[in-house]
Amino acid sequence: KIEASKSKKPAKSKAKEKAAVREQERRDAIFNAFSNFYEQEYGHERWQTLIEALKKPVRHCIMVNKYSNTDDFKERLPMLPELVPLSSFVSIPCFALANIEKEDEVQERRFPPPQKDRFGITDYYILDAGSVLATEALDIQPDDRVLDLCAAPGGKSISIMQRLGEYGSLTVNELSPDRRRRLRQVFDGYLPPKDERITVMGKDG
């Protein structure tokens with residue numbers, strides 16, 4: 001009778017244990033400096049609320065692209081997970097997953113990938129709901145001229161374009177050539193062809 005011997009995992013060496021302790025101490029020092037700075041900015045009570053929110057998983061939403069064919073998106077709605085509108089928080093059409101009660105459900109459930117409409121425009125953008133709130137706070141008007149200084153990967157820029165009208169404009173800046181290339185790809189997928197309201201730059205901001 002041959003029995004397979006179970007190999008034991010080697011115990012961590014003292015050097016590795018010390019390195020792990022030093023790394024944890026380094027992270028704790030960084031966090032404490034970060035927390036102390038913003039506690040002075042916001043006050044103890046408010047900062048405790050904010051830090052707990054920051055520790056939670058990112059809550060994503062879908063932002064419906066007004067430049068796509070809305071009829072095509074409506075046809076897809078029955079195939080999407082149950083959604084709840086974020087109309088109480090933002091003025092552009094955004095939806096989050098419904099009935100999420102536990103934090104681990106945020107990680108387990110996903111939106112299906114966006115699709116192109118009949119004209120080749122992507123129907124929605126998946127992003128952190130906080131990014132939409134950031135552009136909401138700007139109170140952008142249709143004819144405004146807006147600068148997005150560090151624009152990649154492009155979610156906030158697309159959110160800004162949802163708010164601009166025919167005479168508004170957006171200048172996006174991204175120093176990294178690779179990230180700037182990605183930006184152009186996003187704009188090509190979500191905006192009308194040759195949209196002259198948007199300018200892409202690569203300056204050091």
Side-chain angles (χ1 to χ4, degrees), residues 53 58-98 106 109-205:
V58 174
R59 186 72 182 270
H60 289 90
C61 70
I62 61 173
M63 176 176 60
V64 180
N65 184 15
K66 75 174 186 179
Y67 302 104
S68 67
N69 188 290
T70 54
D71 290 337
D72 289 358
F73 176 73
K74 289 176 182 177
E75 290 178 4
R76 288 192 65 199
L77 273 177
M79 297 178 286
L80 296 175
E82 186 180 355
L83 302 174
V84 290
L86 301 182
S87 52
S88 299
F89 308 100
V90 294
S91 57
I92 58 177
C94 295
F95 299 87
L97 292 170
V106 177
R109 296 175 61 186
R110 293 287 187 272
F111 293 108
Q115 294 184 4
K116 302 283 188 182
D117 68 4
R118 66 191 72 179
F119 303 110
I121 303 295
T122 310
D123 55 4
Y124 61 76
Y125 193 100
I126 304 173
L127 74 170
D128 177 358
S131 296
V132 184
L133 287 173
T135 60
E136 185 76 18
L138 292 174
D139 190 26
I140 296 169
Q141 301 302 308
D143 295 343
D144 281 350
R145 293 184 295 173
V146 185
L147 169 65
D148 190 350
L149 192 58
C150 299
K156 291 187 186 72
S157 295
I158 296 298
S159 178
I160 291 169
M161 290 301 294
Q162 305 302 307
R163 306 166 191 277
L164 292 180
E166 181 180 357
Y167 299 106
S169 66
L170 172 62
T171 299
V172 297
N173 185 74
E174 180 56 56
L175 182 61
S176 165
D178 289 338
R179 290 167 67 83
R180 195 162 60 248
R181 190 178 307 111
R182 163 65 179 157
L183 263 179
R184 293 184 187 278
Q185 291 174 349
V186 169
F187 297 150
D188 288 344
Y190 282 86
L191 301 178
K194 299 180 180 179
D195 194 328
E196 296 182 354
R197 297 172 302 160
I198 191 163
T199 303
V200 180
M201 302 176 65
K203 304 294 184 180
D204 187 348

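- In this structure, Gln115 contributes its side chain and Pro113 its backbone to no donor-acceptor pair below 3.5 Å.
- No side-chain heavy atom of Ile158 sits under 4.5 Å from any side-chain heavy atom of Tyr67.
- Using a 4.5 Å heavy-atom cutoff, the side chains of Leu83 and Ile62 are in contact.
- For the salt bridge (charged side-chain N to carboxylate O under 4.0 Å, His left out) test with Glu174, the passing option among Arg180, Arg179, Arg182, Arg184 is Arg179; the others fail.
- Within the 3.5 Å criterion, the main-chain N or O of Leu147 finds no donor-acceptor partner in the side chain of Asn173.
- At least one side-chain heavy atom of Pro114 sits under 4.5 Å from a side-chain heavy atom of Ile126.
- No side-chain heavy atom of Asp195 sits less than 4.5 Å from a side-chain heavy atom of Phe187.
- Judged purely by atom type and a 3.5 angstrom limit, Asp72 has no side-chain atom pairing as donor or acceptor with the backbone of Asp117.
- Within the 4.5 Å cutoff, no side-chain heavy atoms of Asp148 are placed close to those of Val146.
- Contact between Val186 and Tyr125 at its shortest, heavy atoms only, is CG1-CE1, 4.0 Å.
- Contact check for Ser159 versus Ile92: side-chain heavy atoms found under the 4.5 Å cut-off.
- For the pair Arg76 and Asp123, the salt-bridge criterion is met [side-chain N within less than 4.0 Å of a carboxylate O].
- Residue Arg163 comes nearest to Val132 through the heavy atom pair NH2-O, 3.5 Å, listed as atom of the first residue, atom of the second, then distance.
- The structure places CZ of Arg118 at 10.5 Å from OG of Ser68, a figure rounded to the nearest 0.5 Å.
- Here the side chains of Phe111 and Leu97 are in contact, with some heavy-atom distance below 4.5 Å.
- Here the closest heavy-atom approach between residue Leu164 and residue Lys66 is recorded as O-NZ, 3.0 Å.
- A side-chain donor-acceptor contact under 3.5 Å links Tyr190 to the backbone of Tyr124.
- Using a 4.5 Å heavy-atom cutoff, the side chains of Cys94 and Val64 are not in contact.
- The two residues Gly154 and Leu183 make their nearest non-hydrogen contact at CA-CD2, 3.6 Å.
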